[in-house]
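Report on one structure; see the data block that follows.
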Amino acid sequence: MDLFAFFGTLLWPIKWVIEAILVAFHTLLSAVGMDGDAGLTWVLSIVGLVLVVRAALIPVFVRQIKSQRRMMEVAPQLKKIQDKYKGKKDQFSREAMSRETMAMYKNAGTNPFSSCLPLLLQMPIFFGLFSVLREAQLEDNPAGVGLLNADLAQSFGTSSLFDIAPLHLAISTAEGNIPVIITAVIMVILMTGSQFITQLQIMSKNQSAEMKASPMYRQQRIMLYMLPLVFAFSGFTFPLGVMFYWLVSNFWTMGQQFLVIRNMPTPGSEAALAREARLAKRNQRKGIIEEAPDSGTIVIEEPKNPQREQPVNKNRAKKKQGKKK
């Protein structure tokens, strides 16, 4: 059995959803005057697919952030367990170390794999879009599994960005097509840069001093410099249409991470201190918060609303002076 056909069957429900979203955005863009057969129209439809998928994954992303923080918090405990059984190679010690580690994760309410959940959930989308692109360019079976009919499938499968870079081609299948190779290389650079910035802002701004001293922080630094190799492989293998999905998804992640670090930073991190400074400056500018000079407490002053003194005519003023005498 053909491996692609096997995965195509396995991904049938995901491909149906992908086609429905692509067709919906393609129909909308065609309705506003864009050329339905143009590669740019299909690229923007893929961007719409990214927006829908990533918006649906926001709750999962929130869980990922919470899990990452818990993992960082338990990193010192994990190191203690590792030091406790360091050098012990017997079966009993390995089992005891595993039990203690799992118990620690359970008490903390996290696990090592939860931080990878958004990426794992998106992998079927990558392969589903890859399968849709591949099948759309086949002459013997151009129709998709759902709303992508034969005409739309042929349009999608043969579309080219600016009529020079077919979306179904990758560097490995470009056969010397220079525009495809150049486009793929540019996207690899942008993907690597966006992912590098995303990871770097987490490591430099959103981790406390204790977290930066943990073994997990060193592992993150290693991964930071391994990412270019991952994206280089993907740029060589995946078609341009799938790479556009990945690139836009990376930009979404970068912006989303920026907002999280700015508004919900890890306690004790550089980002948390910066947020406290911003809030204090903003409140002082509004004139409602003042720091006491002799203590670290914050005193909230009630807004003053002085009563306006009513004007008094001369006769009433003389009467008041007579009463006082």
Side-chain angles (χ1 to χ4, degrees), residues 2 4-5 7-9 11-56 122 124-191 234-252:
D2 185 10
F4 287 111
F7 279 109
T9 304
L11 296 171
W12 189 93
I14 296 174
K15 289 166 59 179
W16 194 97
V17 174
I18 289 173
E19 290 181 10
I21 298 173
L22 283 174
V23 170
F25 277 101
H26 183 268
T27 302
L28 178 63
L29 293 170
S30 300
V32 298
M34 295 190 68
D35 183 3
D37 294 328
L40 181 60
T41 305
W42 285 107
V43 167
L44 293 178
S45 300
I46 293 173
V47 172
L49 173 65
V50 176
L51 299 180
V52 171
V53 171
R54 293 308 302 265
Q122 284 194 88
I125 306 294
F126 295 148
F127 291 112
L129 184 58
F130 177 85
S131 181
V132 170
L133 269 171
R134 176 183 175 274
E135 292 176 1
Q137 60 170 318
L138 298 178
E139 296 180 0
D140 55 342
N141 186 25
V145 299
L147 300 181
L148 196 71
N149 58 36
D151 292 336
L152 289 174
Q154 185 177 12
S155 173
F156 188 32
T158 58
S159 62
S160 299
L161 185 63
F162 306 123
D163 296 326
I164 56 174
L167 297 181
H168 67 273
L169 292 181
I171 293 179
S172 58
T173 58
E175 297 180 352
N177 189 318
I178 301 300
V180 170
I181 296 174
I182 293 176
T183 304
V185 170
I186 292 174
M187 283 199 287
V188 166
I189 294 172
L190 293 175
M191 289 162 65
S234 65
F236 183 79
T237 307
F238 289 112
L240 296 183
V242 179
M243 289 186 65
F244 272 113
Y245 178 96
W246 201 338
L247 176 62
V248 177
S249 183
N250 275 11
F251 285 152
W252 174 292

>> So if I apply the side chain to side chain contact (heavy atoms under 4.5 Å, CB included) rule between Ser45 and each of Phe156, Phe244, Phe25, which one comes out positive?
In response: Phe25

> Per the side chain to side chain contact (heavy atoms under 4.5 Å, CB included) rule, which among Leu240, Asn177, Thr173 passes with Pro166?
Replying inline: Asn177

> Roughly how far apart are Asp37 CG and Asp151 CG, rounded to 0.5 Å?
Replying inline: 9.0 Å

>> Minimum heavy-atom separation for Gly36 and Ser155, please, with both atom names.
In response: O-OG, 3.3 Å

> What's the spacing between Ile181 CD1 and Glu175 CD if we round to 0.5 Å?
Replying inline: 10.5 Å

>> Working note: Leu22 + Leu148, criterion side-chain contact (heavy atoms from CB on, under 4.5 Å); need CA distance, chi angles, decisive distance, verdict.
In response: CA-CA 8 Å; Leu22 283 174; Leu148 196 71; 5.6 Å; no

> Quick one: CD1 on Ile46 to CD1 on Ile21, what's the gap to the nearest 0.5 Å?
Replying inline: 12.0 Å

> From Ile178 CD1 over to Ile164 CD1, what is the distance, rounded to the nearest 0.5 angstrom?
Replying inline: 11.0 Å

> What pair of heavy atoms forms the shortest contact from Gly39 to Ser159, and how long is it?
Replying inline: CA-CB, 3.9 Å

> What do the steps show when you test Leu29 against Trp42 for side-chain contact (heavy atoms from CB on, under 4.5 Å), and what is the final call?
Replying inline: CA-CA 9 Å; Leu29 293 170; Trp42 285 107; over 6 Å; no

> Under 3.5 Å, is there a donor-acceptor pair between the side chain of Ser131 and the main chain of Phe127?
Replying inline: no

> What's the spacing between Leu161 CG and Leu169 CG if we round to 0.5 Å?
Replying inline: 12.0 Å

> Please walk me through it: do Asn149 and Leu152 pass side-chain contact (heavy atoms from CB on, under 4.5 Å)?
Replying inline: CA-CA 5 Å; Asn149 58 36; Leu152 289 174; 3.4 Å; yes

> In Å and rounded to the nearest 0.5 Å, what is the CE to OG1 distance from Met243 to Thr183?
Replying inline: 9.5 Å

>> Set out, in order, the CA-CA distance, both residues' side-chain angles and the distance that settles side-chain contact (heavy atoms from CB on, under 4.5 Å) for Leu44 and Met34, then state yes or no.
In response: CA-CA 10 Å; Leu44 293 178; Met34 295 190 68; 3.7 Å; yes

> Under 3.5 Å, is there a donor-acceptor pair between the side chain of Arg54 and the main chain of Trp252?
Replying inline: no

> Which atom pair, heavy atoms only, marks the closest approach of Met191 to Asn250?
Replying inline: O-ND2, 3.3 Å

> Which class fits the ring pair Phe238 and Trp246: parallel under 30°, tilted 30 to 60°, perpendicular over 60°?
Replying inline: perpendicular

